Each structure stands twice: as structure tokens, then as C-alpha cells.
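Note that this is a predicted model, so its numbers are computed, not measured. Letters go in sequence order (proteins before strands), and every chain restarts at 1.
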Amino acid sequence: MRDRQIHAAVKIVKNTIRQWEEPIVGVVARESRDPFQILIACLLSLRTKDHTTAEASQRLFSLADNPARMLKLPLKQVEHAIFPVGFYKTKAKQIHAICQSLLENFEGRVPRTIDELLTLKGVGRKTANLVVTVGYNKPGICVDIHVHRISNRWGYIQTKTPEESEQALRNKLPKKYWIQFNDWLVPYGQNLCRPVSPFCSQCPVSDYCDRVGVTTSR
DNA sequence: AAAACGGGGGC
DNA sequence: GCCCCAGTTTT
């Protein structure tokens with residue numbers, strides 16, 4: 001894919017995603033962009049299917065939707081609410097630890113910068129960037145496995161790891177496209193541009209795609 | 001660089 | 001039954 005074509009591709013896939021009305025992560029829909037819910041839902045979504053995350057975060061937020069209330073919730077109850085997402089003991093402890101840190105170090109608010117977010121245990125670059133872009137509407141590049149795969153499949157960048165992809169995209173992708181890029185690439189990767197056997201015949205941007213590493217088997 | 005964390009769903 | 005899944009931390 002040529003640099004110039006990325007702009008058209010952004011617009012085309014974005015319109016497609018709008019029709020699907022996908023949530024961004026878990027129960028966090030495009031209208032509701034509370035940083036705390038994005039942070040926690042993103043933590044729950046780790047190595048987990050999204051609809052599972054949606055149900056779990058729904059249950060959890062109905063019990064507590066801010067750091068102070070979350071800390072008052074017994075660990076057992078947090079574990080019970082999020083059980084189906086897997087890693088539930090680790091994640092429950094992380095959630096408590098994060099809420100404690102938010103109260104002690106950030107006046108009970110979710111911080112607004114990548115560096116501050118990265119001080120929280122369990123928060124990596126993907127989660128930090130998602131909070132900054134979706135929660136605070138500030139520029140950031142949120143690279144998960146889908147963004148990594150697709151931007152390389154298109155031939156827009158050539159990288160080995162998601163971390164390298166974030167750097168490459170920061171350098172190459174014009175800043176005005178960063179937030180849109182995050183918004184549509186993940187659901188696009190889930191529904192259409194799958195790891196194996198992607199639906200190229202239904203893809204709205206197949207004309208631009210280099211199809212790097214596309215296979216029909218593992 | 002690779003293991004470990006974990007239950008649910010697809011096949 | 002077996003293998004993968006919207007990552008991050010630890011060895």
C-alpha cells in the first residue's frame with residue numbers, strides 16, 4: 001500500500017465499521033468513553049474474546065464504576081464478577097492494586113499521559129494508548145495484534161513486533177489519522193481481515209492491499 | 001527470547 | 001479433545 005492510499009483506506013473502513021457499530025473494548029461503546037471503564041475493560045480483555053469481556057465488565061461496573069467503590073468490593077466478589085475472562089485471580093488483584101494507586105498517586109483519577117499510565121501494574125503500551133486516545137481523545141497509536149498484522153499485511157509498514165509497529169506508525173502515519181486508525185482497525189481485523197483465511201472478496205480496501213503473509217492454513 | 005497466567009468457544 | 005484468543009509481566 002502506498003502512503004497516499006492510507007488516507008482513502010482510513011475513510012472507507014471507518015464507514016464500514018460504523019455500520020457494524022462495534023464496541024471499542026468490552027462493554028465500552030463509542031458513545032461512553034469513561035477513562036476508568038476503558039482502563040478496566042481493556043485489562044479484562046487481555047487474551048480474551050471480546051463478548052466475554054463485555055459481559056464481565058458489565059457485571060463489574062454494575063457493582064462499582066469508580067476506584068473508591070471498586071476497592072470497597074471484596075476481592076472474592078471482583079473475581080466472581082469477572083470469572084469467565086480467564087486469568088481472573090491475577091486480573092482481580094491487578095484491578096485492586098490499580099485502584100489503590102489511582103487513589104494514592106492520582107487523586108482517584110485515571111492519569112492522562114502514557115508514562116503515568118505505564119506506572120500501573122498490568123497496564124502496557126496497548127492499554128495506555130487506548131485510554132489516552134479513546135478516553136481523553138488525545139493522539140496515540142494503540143497497537144494490538146490486529147493492528148500489527150493488518151498494517152503489515154497491507155504493506156504499509158514492515159515490522160516484526162507490535163512494539164516496532166507502534167514506532168513505525170508514529171513515524172509514518174500522519175497524526176490526524178491516529179485516533180481513527182485505532183477506532184476501526186481492531187474490529188476490521190476481527191470480522192474481515194482475520195489472521196488466517198481473511199475475507200478478501202468482501203473487503204472494502206482489497207484494491208489497496210499487498211496481502212503480505214496471507215495464508216489459508218496454519 | 002520464552003514461559004506463564006486460564007476459562008470459553010470454535011472446530 | 002485440542003488449540004487459539006482486543007497483552008503484560010516475570011524468568
| What does A:Ile145 touch in the nucleic acid at a heavy-atom separation under 4.0 angstrom: a base, only the sugar-phosphate, or nothing? |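 Since only primed, P, OP1 and OP2 atoms lie under 4.0 Å of A:Ile145, the category is sugar-phosphate.
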| task | Look at all strands and tell whether A:His148 reaches a base, only sugar-phosphate, or nothing, counting heavy atoms closer than 4.0 Å. | result | nothing
Grab the [atom1]-[atom2] distance between [X] and [N] for me, whole Å please.
| X | N | atom1 | atom2 | value |
| --- | --- | --- | --- | --- |
| A:His51 | C:dC4 | NE2 | C1' | 14 Å |
| A:Ile82 | B:dC5 | CD1 | C1' | 12 Å |
| A:Asp144 | C:dC4 | CG | P | 18 Å |
| A:Arg194 | C:dC3 | CZ | C1' | 16 Å |
| A:Glu79 | B:dC5 | CD | C1' | 13 Å |
| A:Arg47 | B:dG6 | CZ | P | 13 Å |
| A:Arg149 | C:dC5 | CZ | C1' | 11 Å |
| A:Leu130 | C:dG7 | CG | P | 11 Å |

| query | Any salt bridge between A:Asp210 and A:Arg153, counting N to O under 4.0 Å? | reply | no
| said: I'd like to know if A:Glu166 and A:Arg125 make a salt bridge, using a cut-off of under 4.0 Å between side-chain N and carboxylate O. | reply: yes
Determine the interatomic distance between [atom1] on [N] and the same-named atom on [M]; round to the nearest Å.
| N | M | atom1 | answer |
| --- | --- | --- | --- |
| B:dG8 | C:dT8 | P | 23 Å |
| C:dC4 | B:dA3 | P | 14 Å |
| C:dT11 | B:dC5 | P | 12 Å |
| C:dC3 | B:dA4 | P | 16 Å |

| task | Check whether any side-chain nitrogen or oxygen of A:Thr90 sits under 4.0 Å from OP1 or OP2 of B:dG6, and answer yes or no. | result | yes
| Does a donor on one side chain sit under 3.5 Å from an acceptor on the other, for A:Ser101 and A:Asn105? | yes
| message | Under a 3.5 Å threshold, yes or no: a donor from one side chain and an acceptor from the other, between A:Thr53 and A:Thr48? | response |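 No, A:Thr48 and A:Thr53 have no side-chain donor paired with an acceptor closer than 3.5 Å.
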| message | Reading 5' to 3' and counting Watson-Crick or G-U wobble pairs with both distances under 3.5 Å, write the dot-bracket notation for DNA chain B, | for bases paired outside the strand. | response | ||||..|||||
| request: For A:Pro139 and A:Val132, work out which heavy atoms get closest and say how close. | output: O-CG1, 3.9 Å
| Roughly how far, to the nearest 0.5 Å, is the CE atom of A:Met1 from the CD1 atom of A:Ile150? | 10.5 Å
| said: Is the ring pair A:Phe61/A:Phe36 parallel, tilted or perpendicular, if the boundaries are 30 and 60 degrees? | reply: tilted
| query | Hey, does the side chain of A:Gln202 reach the backbone of A:Phe199 with a donor-acceptor pair shorter than 3.5 angstrom? | reply |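 Answer holds: no.
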| request: State whether the number of non-hydrogen atoms from other residues, nucleotides or ligands found under 6.0 Å of A:Glu107 atom CD is greater than 12. | output: no
| If you count the non-hydrogen atoms of other residues, nucleotides and ligands that lie under 6.0 Å from NE2 in A:His80, is the total more than 12? | no
| Taking the nucleotide of DNA chain B with the closest heavy atom to each, which residue, A:Thr52 or A:Phe87, is nearer the 5' end? |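 On the 5' side of the pair lies A:Phe87.
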Pairs under 3.5 Å (N/O, protein and nucleotides 8-11 of chain C):
from  : atom 1 : to       : atom 2 : distance (Å)
C:dT8 : OP1    : A:Gly124 : N      : 3.0
C:dT8 : OP1    : A:Thr127 : N      : 3.1
C:dT8 : OP1    : A:Thr127 : OG1    : 2.8
C:dT9 : OP1    : A:Gly122 : N      : 3.0

